[in-house]
Amino acid sequence: MQDFLVIEGVSKAFGARRVVAEVSVSMGRGEFFSLLGPSGCGKTTLLRLLAGFEAPDAGRIWLNGQDITTLPPERRPVNTVFQNYALFPHLSVGDNIAFGLRIARKSRSEVRAAVERMLALVRLEEHAAKKPSQLSGGQRQRVAIARALINEPQVLLLDEPLAALDLKLRQHMLTELTALHAQVGTTFVYVTHDQGEAISLSQRIAVMNEGRIEQVDTPRQLYTAPVNGFVAGFIGDANFLTGTVQELLPQGHVRVQLAGLGRPLVMTGQPLKSGQEVRVMIRPESLHLRADRPGSHERVNLCQAVVEAVTYFGPHVRVQVRCGETRLSLQVAGPALEVGAVGWLTFAAEEARVVG
Ligand code: ADP
Ligand code: MG
């Protein structure tokens, strides 16, 4: 059921500029949901609308069946983890975490028990008496998360929480966040511009662009069936080719004239007309290169290619080839043909998609 947190036609402008434009999206209870998009696309603004720090110009927000559109932030069962952590520097870790419950005037014993539970949850039991300045970046982030979770919000909003951490710590925190989410079962709405983070953490992702949502889907669907070129280019690497529709075939197959690649069969999720100009996307790992000409198979596309560059990246190899005047990037596991070699490039129709 994806009707726990419902955003319905929400818009927000600053001056003449609409930074959130008619956004509608729903999230399920306990879901790990990400808002993913380039810097400036309106992610933080949408999060602030959910938290109640901003009021929408239009639209409604529902939480668990209740219209919360006009509720002030402190009356929403929602907490936020900010990018810069926003910890109180003069308070200890324990007091930072306790803050929300003290404001809510909970009893001393209740606060103490909850703080202990939270310290254990984020594995900071040993650090309760320290000041934030005595902690590492990753530990500070965990304090911020514990502080936001202590009063058991129904939704936890996280705004680029790993952006300030170095690569190694960020990767470690991805595992921690996944475990934490599984343990507390709270609905997480996670904002990031980093597709890798969103893909590894989320059950579903909304890809945003200029205030709008382009696609809401599972990471796998976004990767294999992006609805347009923006999503295809934002999630993972892709080759984009322009071509002309030749022939429409059953089951979403379409024959397209592509410069340098002849007339391959590709897939489409949208209605097309013969003669229409289209953009086709093929992932680097969907292209295969071999020295010998493969036997004929009706669903496999084939063309000749010259190897232009080979770059080794640990376990895989990036190969750039040229088919006629068209350049394509491939990812192969294991040894590649040498630069200057002529080989046969193949790809399955199911691995090439019309994206616009
Ligand atoms: P993101 O988090 O995706 O980077 P933001 O939601 O922070 O994007 O910002 C979207 C756009 O709205 C940006 O162009 C930003 O400059 C503008 N913006 C955000 N907050 C305000 C504000 N309070 N007043 C004016 N413009 C703002
Ligand atoms: Mg932001």
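We count ligands from 1, going down the list as the structure has it; atoms in each ligand are counted the same way.
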Taking 4.0 Å as the limit for heavy-atom contacts, which would you say applies to Thr45 with ligand 1: side chain only, backbone only, both, or neither? both
Decide whether an N or O pair under 3.5 Å exists between Cys41 and ligand 1. yes
Ignoring hydrogens, just give me the one of Pro38, Ala13, Gly40, Gly211 whose non-hydrogen atom is nearest atom 4 (O) of ligand 1. Gly40
Gly37: heavy atom below 4.0 Å from ligand 1, yes or no? no
Side chains of Thr69 and Asp67, donor plus acceptor under 3.5 Å: yes
Cationic tip of Arg212 above Phe230 ring, under 6.0 Å, 45° of axis: no
Leu345 and Ala305 have their tightest heavy-atom pair at CB-CB, 4.2 Å
Check contact between Met208 and ligand 1, using heavy atoms of the residue and a distance below 4.0 angstrom. no
Please check if any side-chain donor atom of Arg279 sits under 3.5 Å from a side-chain acceptor atom of Asn228, or the reverse. no
Has ligand 1 got any nitrogen or oxygen that is less than 3.5 angstrom from a nitrogen or oxygen of Glu54? no
Could you tell me whether the Mg ion (ligand 2) has an N, O or S atom of Thr44 under 2.8 Å away? yes
Would you mind checking which non-hydrogen protein atom is closest to atom 11 (C) of ligand 1, with the distance to 0.1 Å? Val19 CG1, 3.4 Å
For atom 16 (O) of ligand 1, state whether the nearest protein heavy atom is under 4.0 Å away. no
Nearest protein heavy atom with distance in Å, relative to atom 27 (C) of ligand 1: Phe14 CD1, 3.2 Å
Which heavy atom of the protein is the closest neighbour of atom 7 (O) of ligand 1, given with residue, atom name and distance? Thr44 CB, 3.6 Å
So, does Arg76 use its side chain to make a donor-acceptor pair with the main chain of Leu71 at under 3.5 Å? yes
Please work out, at 4.0 Å between heavy atoms, whether the side chain, the backbone, both, or neither of Arg17 comes within that distance of ligand 1. side chain
Which of parallel (below 30°), tilted (30 to 60°) and perpendicular (above 60°) describes Phe32 and Tyr190? tilted
Is any N or O atom of Gly42, backbone or side chain, closer than 3.5 Å to an N or O atom of ligand 1? yes
Could you check whether Arg283 makes a cation-pi contact with Tyr223, meaning its NZ or CZ is under 6.0 Å from the centre of the six-membered ring and within 45° of the ring axis? yes
Do His181 side-chain atoms and Gly30 backbone N/O form a donor-acceptor pair below 3.5 Å? yes
Passing candidate, side-chain hydrogen bond (donor to acceptor under 3.5 Å, both in side chains) with Asp95, options Arg147, Arg102, His90: Arg102
